[in-house]
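Below is one structure, written out as structure tokens, with a few remarks after it.
Side chains included, hydrogens not; waters and symmetry mates left out as well; all remaining heavy atoms used.
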Amino acid sequence: MQEEGAKNNPPTIEFATMTGPKSCKIGDLLLVEEDLIFSEHLLNRLTIMVSVSESHSDQSQYIQPLQVGDEVAVIRVSQTRYLVLDRVVGL
């Protein structure tokens with residue numbers, strides 16, 4: 001009966017806290033690299049503005065990869081896998 005009810009209920013977005021570069025916790029549930037799917041931009045430094053001064057020093061702006069303590073939005077995509085949607089911040 002629960003399976004039939006679940007078919008009509010879409011998965012919900014949950015919030016998690018990064019515990020490492022490829023692990024996070026949703027409440028008490030620890031998810032490790034094997035449990036998670038990431039967009040590439042969350043794992044690598046991303047350049048958002050390129051700027052080099054006259055003295056040739058790099059003044060570019062970057063978004064850093066996920067770090068311990070970052071808050072992320074995740075959604076369950078199977079019984080054992082979660083998709084990390086993006087880093088989230090409060091204003």
- Message: With clusters defined by side-chain heavy atoms of hydrophobic residues (ILVMFWY) lying less than 4.5 Å apart, directly or transitively, does Leu43 cluster with Leu46?
- Response: no
- Item | Working for side chain to side chain contact (heavy atoms under 4.5 Å, CB included), residues Glu40 and Asn44 | CA-CA 7 Å; Glu40 186 176 6; Asn44 299 298; 3.3 Å; yes
- Grab the two heavy atoms, one from Pro65 and one from Arg87, that are nearest each other, plus how far apart they are. O-NH1, 3.6 Å
- Task: Can you see which heavy atom on Met18 is nearest to which on Ser23, and at what distance?
- Result: CE-O, 3.3 Å
- Query: Can you name the nearest heavy-atom pair linking Lys22 to Leu36, along with the distance?
  - Reply: O-CD1, 3.6 Å
- Task: Sort out for me which residue in Ile37, Val77, Ile26, Ile75 forms a side-chain contact (heavy atoms from CB on, under 4.5 Å) with Tyr82.
- Result: Ile26
- Task: Could you state whether Leu30 and Val68 fall into the same hydrophobic cluster, counting links through intermediate Ile, Leu, Val, Met, Phe, Trp or Tyr residues with side-chain heavy atoms under 4.5 angstrom apart?
- Result: no
- May I ask you to decide if His41's main-chain N or O and Ser39's side chain share a donor-acceptor pair within less than 3.5 Å? no
- Query: Looking at Pro11 and Arg76, what are the two nearest heavy atoms and their distance?
  - Reply: CB-O, 3.6 Å
- Query: Is it true that the side chains of Glu14 and Thr12 contain a donor and an acceptor less than 3.5 Å apart?
  - Reply: no
- Task: List the atom of Thr47, the atom of Tyr62, and the distance in Å for their closest heavy-atom pair.
- Result: OG1-CE2, 3.2 Å
- Note: Gln59 and Met49 closest approach over all heavy atoms is O-CE, 4.3 Å
- Query: If you count the non-hydrogen atoms of other residues, nucleotides and ligands that lie under 6.0 Å from CD in Gln67, is the total more than 12?
  - Reply: yes
- Residue pair Asp70, Thr17: steps toward the side chain to side chain contact (heavy atoms under 4.5 Å, CB included) verdict: CA-CA 6 Å; Asp70 285 347; Thr17 303; over 6 Å; no
- Message: Measuring from atom CG of Leu83 to atom CZ of Phe38, what distance do you get when rounded to the nearest 0.5 angstrom?
- Response: 9.5 Å
- Residue among Val74, Leu42, Ile13, Val72 satisfying side-chain contact (heavy atoms from CB on, under 4.5 Å) with Leu85: Ile13
- Query: Any donor and acceptor pair, going by atom type alone, linking the side chain of Ser60 with main-chain N or O of Ser51 inside 3.5 Å?
  - Reply: yes
